[in-house]
Every structure is written in C-alpha cells, then in structure tokens.
Amino acid sequence: MSYFTVHSVRASWTVILLLGYSVYLFLGAAVFQMLEKQAETHTRKNFQLKKLNFLSNYSCLDGPALEKFVQIIIDAWDKGVNPTGNSTNPSNWDFSSSFFFAGTVVTTIGFGNLSPSTVGGQVFCVFYALFGVPLNLTFLNTLGRSLNGYLKRLEGSVQKSSNHKQALKIFTVVFFLIVGTVLFLVFPPLIFSHVEGWTYGESFYFAFITLSTIGFGDYVVGTGPDKHYISIYRSLAGVWIVVGLAWLALLFSVGSRVMNWIFQLKWHRKKSKLEVKHGPKQDDCT
C-alpha cells in the first residue's frame, strides 16, 4: 500500500473525528436551546409581571427607582452577598469558606458566585492561581498514577488466580469504576440533598458539574442564607472535590483510551482492507 494511501486513510479518520466533534457541539446547542429557551422566556415574563404588580401595590415607587434597587441587589449578589436574610448571615470569607474558595481556584472550577472584591485580594488570586494550578495538576497526576497503580496491581492479583484473564481484567476495571462512582457521585449527593435541601437530582447534577470542573455556579454548597452549617462543612466539600477530581480524571482517561482504541481499531480494519485491495506497500528501490 502506498504512502499516500495510508496518510489519506489517517486524514479521513481525522476529518471524521472533527466532523463528529462539531456535530456533537451543534447537537448539544440545539438540545439546550429546545429545553431551556421556553423556560427562560417564561421566567422573564413572570419577573416583569411581578415588577409591575409590585409598582401597582407600592405607588410611592416609580419604575426607575425600582430598577435602581434591582441593580443594587444584582451588585450585592455579584459580590457574594445573598440579598435575602440580614447582616447576620454567615460570612462568605470565614476560614472554611475561604478554604473552599481556594480549592475552586487551584482546580479551575470557578463557580462564579464568589470572587475577591479588593485589589489586594484580586492580585493575590492571580499569583495564587499562577502557582496553584500547576501544583494542583501535579498533585492530581500523582494521585491518578497511584490509583492507576492500585488498579493494575488489583488486575495482576486477579489474573494470577484464574485462567480467564481478559474477562477478569474487564471485571476489575468495571468494579473499580463502580466503587468510585458510588463514593464520589452517588453517596455525596445524599449528604448534599439532606444538608442543602436540594432534590437528589439537583445534588447529583451539582456533584458531576463540580468534579468535571465545569462549575456553572447555579448550585454551590454552604451558601443557603437560612441554613446553619457546621464549621468544617465546606472544607470537607473541598477535600471531596480534590479527591473526586483525581478519580473522575482517571475515569475520563479510561474513556478517552476506549474511544482511541475504537478509532484505531476501525483505522486498522480500513487499512487492512486497502492492503487486501491494493497489495502491501512495495519498496521504492525494487
């Protein structure tokens, strides 16, 4: 098979992967639009209706005054101050909350519900992230290699005790992933649901969005103004995030290897078919 034929096959699979990735993004955009746009329109109309009702009930206020008050509420929310409740609400910058925030910085989650408002805090955040993000990546890689090493040793011990090596290897990997899923994605939402008052579905959604470092910020632990949290609650959540990140990174790594294996398998099959059709590559000197 000629040099150009091999590279044309490889290029074709690259194009297919690129097209598949693009289609996946477009499909996701279409589904999100279908699911969320109508709800957003309903929320907008409902909000405008409530503003009009509020103005009709409190005739001493006019439209611009209400808009100014709404802007004050938005500014307070942007600075991490929940506009509900009063000034006795728990601080967003006690040690437990600050520890949680530091974890969201170095893991690049960035929920967006809280950020430094002072110049000193903003400058420190820049340099803290500059050195903290590589440190976090190094730590996660080391932890991931350790988990992968335990997995390989577990595979080796299982394979020594049976002749069905391939089946037991698959079983070991699946068992490892199931245990991790229970520990980091199934059990923690039960705690969040109980403490935060969320549904289990909302808690599971928060857990995955957090560990995948997407971090929309629509759900964040320890921010309920009417909740009384234990002092180390958010710190424990920070520890869960760091360890869970390593596990989910390993899961994504396994998924990536599986997808690469599938593409490589298909490419080799197509290459074999071309070799059968055109014959093996001939030496140019003969």
Side-chain angles (χ1 to χ4, degrees), residues 92-115 125 128-158 171-196 198-224 227 229-258:
N92 288 317
W93 293 106
D94 57 18
F95 182 79
S96 180
S97 299
S98 299
F99 180 86
F100 182 80
F101 174 77
T104 64
V105 171
V106 299
T107 56
T108 68
I109 295 175
F111 286 114
N113 67 309
L114 186 65
S115 59
C125 186
Y128 185 75
L130 187 63
F131 294 99
V133 172
L135 176 63
N136 177 70
L137 291 175
T138 303
F139 172 76
L140 291 180
N141 287 333
T142 303
L143 187 57
R145 284 196 299 268
S146 298
L147 292 175
N148 196 33
Y150 282 120
L151 179 59
K152 288 182 177 179
R153 283 196 291 271
L154 182 60
E155 290 177 1
S157 63
V158 170
F171 172 79
T172 304
V173 173
V174 171
F175 176 77
F176 183 82
L177 296 179
I178 290 176
V179 170
T181 301
V182 172
L183 289 178
F184 298 110
L185 283 178
V186 176
F187 179 69
L190 291 173
I191 299 176
F192 298 141
S193 179
H194 174 72
V195 175
E196 303 290 344
W198 303 334
T199 65
Y200 183 81
E202 291 170 335
S203 301
F204 182 82
Y205 163 80
F206 161 77
F208 182 81
I209 292 299
T210 298
L211 295 185
S212 59
T213 71
I214 297 173
F216 290 124
D218 46 354
Y219 292 91
V220 183
V221 295
T223 57
K227 303 289 184 183
Y229 303 102
I230 61 175
S231 58
I232 62 171
Y233 173 64
R234 298 192 86 186
S235 297
L236 292 175
V239 174
W240 162 74
I241 288 174
V242 171
V243 181
L245 277 173
W247 171 80
L248 196 62
L250 182 61
L251 178 63
F252 286 157
S253 177
V254 171
S256 177
R257 288 202 300 266
V258 169

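No experiment lies behind these values; they were computed from the predicted model shown.
- Nearest heavy-atom pair across L185 and F204 is O-CD1, 3.0 Å.
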List the steps, then state whether side-chain contact (heavy atoms from CB on, under 4.5 Å) holds for L135 with V106.
-> CA-CA 8 Å; L135 176 63; V106 299; over 6 Å; no
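- Two residues are said to be in side-chain contact when any heavy atoms from C-beta on lie closer than 4.5 Å; W247 and L183 fail this criterion.
- Note on ring orientation: taking the six-membered ring where Trp is involved, the planes of F111 and F206 are parallel (angle under 30°, cut-offs 30° and 60°).
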Go through the steps for T210 and Y219 under the test side-chain contact (heavy atoms from CB on, under 4.5 Å), then give the verdict.
-> CA-CA 9 Å; T210 298; Y219 292 91; over 6 Å; no
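- The number of heavy-atom neighbours closer than 6.0 Å to OH of Y200, taken from other residues, nucleotides and ligands shown, is above 12.
- Residues L130 and P134 come closest through the heavy atom pair O-CD, 3.2 Å.
- Classified by interplanar angle (parallel below 30°, tilted 30° to 60°, perpendicular above 60°), the ring pair F192/W198 is tilted.
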Apply side-chain contact (heavy atoms from CB on, under 4.5 Å) to E196 and V221, showing your working.
-> CA-CA 7 Å; E196 303 290 344; V221 295; 3.6 Å; yes
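- Contact of the W93 side chain with the L114 side chain is registered, since non-hydrogen atoms from C-beta on lie closer than 4.5 Å.
- The CD1 atom of I241 sits 12.0 Å away from atom CG of L248, with the distance rounded to the nearest 0.5 Å.
- In this structure, T181 OG1 and F187 CZ are separated by 15.0 Å, a value rounded to the nearest 0.5 Å.
- Distance check, rounded to the nearest 0.5 Å: OH of Y205 to CD1 of I214 gives 8.0 Å.
- In this structure, S193 and T199 have side chains that are not in contact, with every pair of non-hydrogen atoms separated by 4.5 Å or more.
- Proximity of a side-chain donor or acceptor of S97 to a complementary backbone N or O of D94 within less than 3.5 Å is not detected.
- Side-chain contact check for R234 and S96: no donor-acceptor pair (N or O, by modelled atom type) lies under 3.5 Å.
- Of all the heavy atoms in P189 and A207, the pair that sits closest is CG-CB, 4.0 Å.
- In this structure, CG in L211 is found 7.0 Å from CD1 in I109, a value given to the nearest 0.5 Å.
- Remark: L245 CG to F184 CZ distance equals 10.0 Å, nearest 0.5 Å.
- Nearest heavy atoms, V242 versus L140: O-CD2, 3.5 Å.
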